[in-house]
> 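Got a structure for you, questions after.
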Amino acid sequence: MDGKALAGKVTLVAGGTRAAGRGIAVQLGAAGATVYVTGRSTRAQRSEMDRPETIEETAELVDKAGGRGIAVRVDHTDPEQVKALVERIEAEQGALHVLVNDIWGQTGEPSWDKSVWESPLDDGLRLLRLGVETHAITSHFALPLLIKSPGGLVIEMTDGTDEYNATNYRVSFFYDVAKGAVSRMAFALAHELKPHKTTSILLTPGWLRSEAMLDGFGVTEDNWRDATERIPHFAISESPSYVGRAVAALAADPDVSRYHGKSLSSGELAKIYGFTDLDGSQPDAWRYIVEVESQGKPADTTGYR
């Protein structure tokens with residue numbers, strides 16, 4: 001993509017500390033955007049996730065990519081902090097063109113295949129607060145500024161396409177409900193934003209090689225394929241940059257409104273816009289998951305990346 005395709009555009013990646021959020025922020029920067037990166041993990045203080053990635057690092061990566069990164073510590077469960085963030089963006093930039101709602105808050109391992117009565121209640125309610133309530137709070141304060149500039153874009157980040165999640169139980173009661181709620185948020189926003197010439201999209205990456213995922217598998221981005229010896233289907237995985245390039249392509253598309261109200265995936269958009277992952281491939285994880293992994297077939301990414 002042209003490194004100036006998003007020059008002059010102001011973007012907010014809410015939840016941009018790590019994983020998909022960081023990949024999105026950096027790729028928006030690579031297209032020339034100004035990127036506000038929010039999260040709770042800073043060099044001075046970590047969130048309860050207790051991971052080393054920080055919003056300052058993400059902002060520096062945005063700068064290095066060619067954009068302008070601005071790190072702002074924000075707890076998106078606190079309406080006053082989010083209100084102050086949007087007021088700062090308006091004062092400093094005068095506009096907001098792209099909002100990416102990528103806030104999440106999974107700490108530790110999810111309660112795999114545990115019913116609502118077997119799951120730790122406090123953890124489950126905290127997950128809903130961090131993964132759902134934060135999106136509503138952020139939209140409440142950010143959208144009045146965003147709709148002032150016709151042609152705006154709102155992307156709700158989730159895990160799984162609408163089609164897949166509609167018929168598959170996802171991890172646990174609380175995880176399933178959180179992802180379903182975000183999907184419905186994108187649908188509701190599509191209804192409410194249409195009169196304002198603002199596009200709402202639900203977007204999912206595939207099997208993401210996040211920092212935590214790589215750590216859990218004992219590999220790095222350089223040697224991630226070593227993990228396929230133990231988890232063969234990990235061969236379809238993708239870097240955070242891939243979904244980042246998907247967001248940058250959407251943000252630069254003058255006809256992005258054709259996707260208004262749609263559920264899209266990084267692999268699907270790669271075929272449309274022609275971008276690739278860092279290794280030059282185009283993994284299509286959700287098609288692979290349905291047609292290969294879910295069918296119990298041996299791992300073979302031929303035709304899927």
Side-chain angles (χ1 to χ4, degrees), residues 6-49 53-105 129-157 185 189 192-193 196-200 244 247-248 250-251:
L6 295 177
K9 296 296 184 181
V10 181
T11 66
L12 167 58
V13 179
T17 312
R18 59 184 67 83
R22 173 171 285 189
I24 291 166
V26 173
Q27 293 303 319
L28 288 171
T34 293
V35 187
Y36 282 79
V37 180
T38 66
R40 295 173 297 147
S41 294
T42 68
R43 288 186 174 129
Q45 181 180 2
R46 293 184 181 187
S47 73
E48 75 267 19
M49 295 183 76
E53 302 84 22
T54 68
I55 55 174
E56 294 96 339
E57 287 173 353
T58 301
E60 288 167 0
L61 289 170
V62 171
D63 290 342
K64 186 176 179 180
R68 182 186 176 203
I70 302 171
V72 186
R73 188 190 185 282
V74 178
D75 181 344
H76 285 262
T77 66
D78 183 346
E80 289 304 313
Q81 290 188 38
V82 179
K83 181 173 182 285
L85 165 69
V86 175
E87 288 174 347
R88 173 177 170 177
I89 294 172
E90 184 169 24
E92 293 178 352
Q93 310 297 332
L96 176 64
H97 303 103
V98 178
L99 167 63
V100 181
N101 254 332
D102 186 54
I103 312 153
W104 184 239
R129 186 157 194 231
L130 289 168
V132 179
E133 185 177 318
T134 54
H135 288 231
I137 292 170
T138 304
S139 291
H140 175 81
F141 288 107
L143 292 184
L145 176 59
L146 191 141
I147 62 175
K148 288 181 179 180
S149 302
L153 174 64
V154 179
I155 296 180
E156 285 288 338
M157 295 298 299
M185 283 183 175
L189 287 176
E192 296 176 359
L193 291 172
H196 300 281
K197 295 181 171 52
T198 299
T199 300
S200 170
V247 171
L250 289 168

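For the numbers below, each heavy atom of this structure counts, side chains included, while hydrogens, waters and symmetry mates do not. Bear in mind that the values here come from a model prediction, so they are computed numbers and not experimental data.
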> With K148, which residues qualify under side chain to side chain donor-acceptor pair (under 3.5 Å), at least two apart?
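Scan of K148 (side chain to side chain donor-acceptor pair (under 3.5 Å), adjacent residues dropped) gives E90.
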
> Tell me every residue that passes side-chain contact (heavy atoms from CB on, under 4.5 Å) with H140, counting only those two or more places apart in sequence or in another chain.
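Testing H140 for side-chain contact (heavy atoms from CB on, under 4.5 Å), a comparison that skips the adjacent residues, returns none.
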
> Is S200 close to E192 at the side-chain level, that is, under 4.5 Å between some pair of heavy atoms?
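No, every pair of side-chain atoms sits at 4.5 Å or beyond.
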
> What I'd like to find out is whether the side chain of L28 reaches to under 4.5 Å of the side chain of V62, using heavy atoms alone.
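No, too far: nothing below the 4.5 Å cut-off.
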
> Nearest 0.5 angstrom please: R18 CZ to I55 CD1, how far?
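The distance works out to 10.5 Å.
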
> Can you name the nearest heavy-atom pair linking A25 to V37, along with the distance?
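Closest pair (atom of A25, atom of V37, distance): CB-CG2, 4.1 Å.
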
> Can you tell me which residue pairs pass the salt bridge (Lys or Arg N to Asp or Glu O under 4.0 Å) test with a partner in residues 23-33, sequence neighbours excluded?
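Not a single pair qualifies under salt bridge (Lys or Arg N to Asp or Glu O under 4.0 Å).
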
> Could you list the residues that satisfy salt bridge (Lys or Arg N to Asp or Glu O under 4.0 Å) with R43, not counting sequence neighbours?
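If we apply the salt bridge (Lys or Arg N to Asp or Glu O under 4.0 Å) test to R43, skipping adjacent residues, the hits are E60.
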
> Nearest 0.5 Å, what's the CG-CE distance between N101 and M185?
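Between atom CG of N101 and atom CE of M185 there are 8.0 Å.
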
> Salt bridge (Lys or Arg N to Asp or Glu O under 4.0 Å): which pairs involve residues 62-73, sequence neighbours left out?
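Matches after skipping sequence neighbours: none remain.
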
> Do Q93 and I70 come within less than 4.5 Å of each other through their side chains, counting heavy atoms only?
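Yes. Closest side-chain heavy atoms under 4.5 Å.
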
> If you measure from CG on L153 to CG on L96, what distance do you get to the nearest 0.5 Å?
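Taking CG in L153 and CG in L96, the distance rounds to 10.0 Å.
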
> Less than 3.5 Å apart, which donor and acceptor atoms pair up between the side chains of residues 6-16 and the rest of the protein, not counting sequence neighbours?
| from | atom 1 | to | atom 2 | distance (Å) |
| --- | --- | --- | --- | --- |
| T11 | OG1 | T34 | O | 2.9 |

> Could you pull out all residues at least two apart from E87 that satisfy side-chain contact (heavy atoms from CB on, under 4.5 Å)?
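Checked E87 against side-chain contact (heavy atoms from CB on, under 4.5 Å); matches are K83.
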
> Which atom names give the shortest non-hydrogen contact between S139 and P144, and what distance separates them?
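Taking every non-hydrogen atom into account, O-CD, 4.1 Å.
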
> Starting at CG of D78, measure out to CZ of R40 and round the result to the nearest 0.5 Å.
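That separation rounds to 11.5 Å.
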
> With side chain to side chain contact (heavy atoms under 4.5 Å, CB included) as the criterion, how do V82 and V74 come out once you've worked through the C-alpha distance, each side chain's angles and the decisive distance to 0.1 Å?
CA-CA 7 Å; V82 179; V74 178; 4.1 Å; yes

> Roughly how far, to the nearest 0.5 Å, is the CZ atom of R129 from the CD1 atom of I137?
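It is 6.5 Å, given to the nearest 0.5 Å.
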
> Would you mind reporting whether V100 and M157 have side-chain heavy atoms less than 4.5 Å apart?
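They are in contact (side-chain heavy atoms under 4.5 Å apart), so the answer is yes.
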
> Could you list all the salt bridge (Lys or Arg N to Asp or Glu O under 4.0 Å) pairs where at least one residue sits in residues 22-38, not counting sequence neighbours?
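Passing the test, one end in residues 22-38: R22-E57.
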
> Considering non-hydrogen atoms only, spot the tightest contact between G152 and L146 and give its length.
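So the minimum-distance heavy-atom pair works out to CA-CD2, 4.0 Å.
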
> Taking all atoms of both residues into account, what is the closest heavy-atom pair of D75 and Q81, and its distance?
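The answer is N-OE1, 2.8 Å.
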
> Ignoring hydrogens and angles, tell me if any N or O in the side chain of Q27 forms a donor-acceptor pair with the backbone of A248 under 3.5 Å.
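Checked: no pair found.
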
> Can you see which heavy atom on A142 is nearest to which on L99, and at what distance?
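Of all heavy-atom pairs spanning A142 and L99, the closest is CB-CD2, 4.1 Å.
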
> Taking only residues two or more places apart in sequence, or in another chain, which ones meet E92 in a side chain to side chain donor-acceptor pair (under 3.5 Å)?
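Partners of E92 under the side chain to side chain donor-acceptor pair (under 3.5 Å) test: Y36, R88.
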
> Once salt bridge (Lys or Arg N to Asp or Glu O under 4.0 Å) is applied, do any residues pair with K197, and if so which ones, sequence neighbours excluded?
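So K197 forms no salt bridge (Lys or Arg N to Asp or Glu O under 4.0 Å) with any residue.
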
> Partners of S47 by side chain to side chain donor-acceptor pair (under 3.5 Å), sequence neighbours excluded?
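Per chain and number, S47 pairs via side chain to side chain donor-acceptor pair (under 3.5 Å) with S41.
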
> According to side chain to side chain donor-acceptor pair (under 3.5 Å), who are the partners of T199, at least two apart in sequence or on a separate chain?
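With sequence neighbours excluded, T199 shows a side chain to side chain donor-acceptor pair (under 3.5 Å) to no residue whatsoever.
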
> State the OG1-CD distance between T77 and E133, to the nearest 0.5 angstrom.
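If I round to the nearest 0.5 Å, the distance is 7.0 Å.
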
